[in-house]
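Structure record follows, encoded as structure tokens.
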Number of protein chains: 2
Amino acid sequence: MNPEAIQRSFDGSGLRCTPQRYAVMAFLLEHNRHPTAAEIFEAVNRVDPRSSRATTYNNLRDLVKAGLVREVAIEGRAARFDAKGMQHHHFICDRCGNVEDIKWYDVPRPGPGSLGKRVLRECELIFRGLCTKCAPRRASR
Amino acid sequence: MNPEAIQRSFDGSGLRCTPQRYAVMAFLLEHNRHPTAAEIFEAVNRVDPRSSRATTYNNLRDLVKAGLVREVAIEGRAARFDAKGMQHHHFICDRCGNVEDIKWYDVPRPGPGSLGKRVLRECELIFRGLCTKCAPRRASR
DNA sequence: ACTGGTTTTTAGATTATGTCTAATGTGAGA
DNA sequence: TCTCACATTAGACATAATCTAAAAACCAGT
Ligand SMILES: [Mn+2]
Ligand SMILES: [Mn+2]
Ligand SMILES: [Zn+2]
Ligand SMILES: [Zn+2]
């Protein structure tokens, strides 16, 4: 995704394209590692312009609200973030907490009977287990 | 689920049946509201015996590790817990964060190609949107 | 360029949630 | 009943995230 595309995605959501906000989005787009807010904060501050901690959190929240970024909550750990590019599922490692992308495939939705008057926005499929790094030493902990 | 059944489930997991641990499990079994740790702590302390905050957290962790309780992480809010009885999916409300049970149905697993050397333990299907209480006033916030 | 209003950034305090420590207590098998 | 590995406790501590209030950046209209 090029700079102009980021610009346009911000425009489409009514978000100003500030250097700090741009840096967060650009970082997420060029690293599909699902970083935490703290990691993003550190990364965007390795280069100018500097951004404060509060701004990093603010921008992540705005980008999530705008639907450009996804937040992944993980039990007992800091939330992780990724840019919403192509659809995919997530694998979360029981041991190290890492989040990895899994090739997307269609998920059957629940029958309307079981949803009642609820308004469904999205289905999220999460796989859990041990990642490639943790699977070998599976006995520990 | 009767007291003896709780006893037996503890025995099967090598967990002692202490009053505090029993109270946590019993509370989860008779309320399918997905309470937070703080709510559980408060609830079990409305009746004797008293339990400390640390113990409530310890027991919840032990019960999750033993596979008797499930922990549901929610972005920006405290984790919620439920007793693992019959299989079901979860609906999480975007607005109020409430977690509700959805009738279970089978979920197709990913092809082995997309999992690589990862060890799959479980698939979790989460629905997001607005709950029955929040759907009407959907415009706000 | 100036003005006024809006959005954004900022440092630091504050809250919320959960974990750890070290001393004390106890369930359940021998 | 004795015993000890397991469990509980109060309170300190850690971590993640939000809030606050003031300053800065930005934008549209003149
Ligand atoms: Mn991802
Ligand atoms: Mn449930
Ligand atoms: Zn791992
Ligand atoms: Zn709701």
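Every chain is numbered from 1 and lettered A, B, ... according to where its sequence line falls, protein lines coming before strand lines. Bear in mind the structure is a predicted one, so any value in this text is a computation, not a measurement.
- Taking atom CZ on B/Arg50 and atom C1' on D/dT8, their separation rounds to 14 Å, with Å as the unit.
- Using a 4.0 Å cut-off, some side-chain N or O of A/Thr55 falls inside it from OP1 or OP2 of C/dT10.
- We find that CZ of A/Arg21 is positioned 12 Å from P of C/dT10, with the value rounded to whole Å.
- Note: A/Ile40 CD1 to A/Met25 CE = 10.5 Å, rounded to the nearest 0.5 Å.
- Members clustered with B/Ile126: A/Val72, A/Ile74, A/Ile92, A/Val99, A/Ile126, B/Val72, B/Ile74, B/Ile92, B/Val99, by chain and number, using a 4.5 Å side-chain heavy-atom cutoff among hydrophobic residues.
- Atom pair A/Leu60:CG and D/dA16:P shows a separation of 14 Å (rounding to whole Å applied).
- To the nearest 0.5 Å, the span separating OG on A/Ser9 from CG on A/Leu68 amounts to 5.0 Å.
- Rounded to whole Å, the distance from OH on A/Tyr22 to P on C/dT8 is 18 Å.
- Every side chain to side chain contact (heavy atoms under 4.5 Å, CB included) that B/Ser114 has, sequence neighbours left out, goes to A/Ile102, A/Lys103, B/Pro110.
- A distance of 10.0 Å separates CG in B/Leu115 from OG1 in A/Thr132, rounded to the nearest 0.5 Å.
- Residue A/Met86 is found outside any hydrophobic cluster, as its side-chain heavy atoms come under 4.5 Å of no other Ile, Leu, Val, Met, Phe, Trp or Tyr.
- Atom CE in A/Met25 sits roughly 18 Å away from atom C1' in C/dT8 (whole-Å rounding).
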What string of B, S and - do you get for nucleotides 15-30 of chain C 5' to 3' if you count protein non-hydrogen atoms under 4.0 Å?
-> --SBBB-----BBS--
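- Note: CG (A/Asp62) to C1' (C/dT6) measures 14 Å, nearest angstrom.
- A sub-4.0 Å separation between OP1 or OP2 of D/dT9 and a side-chain N or O of B/Gln20 is present.
- Helix-axis bend for the helix from C/dA1-D/dT30 to C/dA30-D/dT1: the local axis fitted to the five terminal pairs at one end deviates from that at the other end by 30°, rounded to 10°.
- In this entry the distance linking CZ of B/Phe41 with P of D/dT8 reads 13 Å, nearest Å.
- By the 6.0 Å and 45° rule, A/Arg118 stacks over the aromatic ring of B/Phe91.
- Of the charged side-chain nitrogens involved, none lies within less than 4.0 Å of a carboxylate oxygen, so that A/Arg70 and A/Glu122 do not count as a salt-bridged pair.
- Annotation: ring pair (Phe, Tyr, Trp, His ring centres under 6.0 Å) contacts of A/His88 (sequence neighbours excluded): A/His90.
- Atom CD1 in B/Ile74 sits roughly 16 Å away from atom C1' in D/dA17 (whole-Å rounding).
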